[in-house]
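Here the structure is laid out as structure tokens; the discussion comes afterwards.
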Amino acid sequence: MNTNYNYLINSLSKECLDDFLRVSYCEEFKQGETLFLEHSICNNIYFIISGNVTIYKDNSDGRRKIIYLLGKDSFLNDTLFSSEYTKTSVSCDAFDDTKVLVVSLENFKTLVFKYPELGMLIIQSLAKKSKRLYRQLKNTSTISMDKKIAAKLWKLSKDYGYECKEYHGFSIKVTNTYLADMLGTNRETVSRGIKKLKDLDLLKIQNGQLFILKNKIKEFYRR
């Protein structure tokens, strides 16, 4: 069995996994390609085998707000499962080269009724995303922008970080523009916030890449 399926192997019975793989197919997306757009008709649920995707919404003036950066072992468009509509509520682009399993909503529902453990994975997926939204809402109105940036960098280091001596780097490319879209602000504001964190010796920039002092930056945004 492909090691990329370890999460499914450990979470599902062999019979359920075999049936899931039987009715699904693999699809690859290059960096920047769109998996689906908001308000489009989409009758599929996706499961990330490798790579990362950006989940976002565009507002009326064209400004993008990134809601999630999701990686391996994540379900996509799973809100469709609890809705009678087949229109998507968000857009999804490949952050980097990404491979997904695709299964139709009809087949997925059939499997969930037959195998409750698959339904539990969807419940866990939705619960995890709800928890992240609660945290985002908390950070939206109660802390300053430099602390919002610090909190976002800490979360990214938790999900995509690696140790580099006393610092933590990122296994993904973190740009000021991407951070701005995650925080619902502009690039210039993020640049000023990054400079402040640098002046406070909470991060450094080396060869165009960010490295943070993970524990200190966590203490900073929690003060």
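Quick caveat: nothing in here was measured; it's all calculated off a predicted structure. Computed from heavy atoms alone, side chains included, the values below leave out hydrogens, waters and symmetry copies.
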Give me the atom names and distance for the closest heavy-atom approach of [X] to [Y].
{"X": "N44", "Y": "L80", "value": "O-CD2, 4.0 Å"}
{"X": "I172", "Y": "L69", "value": "CD1-CD2, 3.3 Å"}
{"X": "S125", "Y": "D78", "value": "OG-OD2, 2.5 Å"}
{"X": "Y7", "Y": "Q124", "value": "OH-OE1, 4.0 Å"}
{"X": "A150", "Y": "I217", "value": "CB-CG1, 3.7 Å"}
{"X": "S11", "Y": "L121", "value": "CB-CD2, 3.7 Å"}

Taking the six-membered ring where the residue is Trp, are the ring centres of F95 and Y178 under 6.0 Å apart?
-> yes

Salt bridge check: are E38 and K57 linked by an N-O gap of less than 4.0 Å?
->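 Salt bridge between E38 and K57, a charged N being under 4.0 Å from a carboxylate O: yes.
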
More than 12 heavy atoms of other residues, nucleotides or ligands under 6.0 Å from [atom1] of [X]: is that the case?
{"X": "K216", "atom1": "NZ", "value": "no"}
{"X": "R132", "atom1": "CZ", "value": "yes"}
{"X": "K99", "atom1": "NZ", "value": "no"}
{"X": "F113", "atom1": "CZ", "value": "no"}
{"X": "E33", "atom1": "CD", "value": "yes"}

Under the side-chain hydrogen bond (donor to acceptor under 3.5 Å, both in side chains) rule, what do D181 and Y56 come out as? Steps first, then yes or no, please.
-> CA-CA 9 Å; D181 288 343; Y56 64 93; over 6 Å; no

Under 3.5 Å donor-acceptor, [X] side chain and [Y] backbone:
{"X": "S157", "Y": "K155", "value": "no"}
{"X": "Y68", "Y": "K129", "value": "yes"}
{"X": "N43", "Y": "S104", "value": "no"}
{"X": "N207", "Y": "Q209", "value": "no"}
{"X": "K147", "Y": "R223", "value": "yes"}
{"X": "N107", "Y": "V103", "value": "no"}
{"X": "D96", "Y": "N52", "value": "yes"}

Take T34 and D93, measure what side-chain hydrogen bond (donor to acceptor under 3.5 Å, both in side chains) needs, and give me the verdict at the end.
-> CA-CA 4 Å; T34 298; D93 290 351; 2.9 Å; yes

Kindly determine whether K152 and L179 satisfy side chain to side chain contact (heavy atoms under 4.5 Å, CB included), including the steps that lead there.
-> CA-CA 8 Å; K152 186 61 68 176; L179 283 172; 3.9 Å; yes

Separation between OG1 of T177 and CZ of R64, rounded to the nearest 0.5 Å | 11.5 Å

State, with a plain yes or no, whether a side-chain heavy atom of V100 is found less than 4.5 Å away from one of F47.
-> no

Please tell me if the side chains of M145 and T185 come closer than 4.5 Å, counting only heavy atoms from C-beta onward.
->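 The answer is yes; the side chains approach within 4.5 Å.
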
Y115: ring pair (Phe, Tyr, Trp, His ring centres under 6.0 Å) partners, not counting sequence neighbours |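 Partners of Y115 under the ring pair (Phe, Tyr, Trp, His ring centres under 6.0 Å) test: none.
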
Audit row: F170, Y160, ring-ring contact (aromatic ring centres under 6.0 Å, His included) steps and yes/no | CA-CA 6 Å; F170 300 92; Y160 302 98; 8.8 Å; no

Hey, what's the ring geometry for F108 with F20, parallel, tilted or perpendicular (30° and 60° as the breaks)?
->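 Taking F20 first and then F108, their aromatic rings stand perpendicular (interplane angle over 60°).
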
List, one per line, each side-chain donor-acceptor pair under 3.5 Å for residues 191-198, sequence neighbours excluded.
residue : atom : partner : partner atom : Å
S191    : OG   : N176    : ND2          : 3.1
S191    : OG   : R187    : O            : 3.0
R192    : NH2  : T189    : OG1          : 3.3
K195    : NZ   : D199    : OD2          : 3.0
K196    : NZ   : D146    : OD2          : 2.7

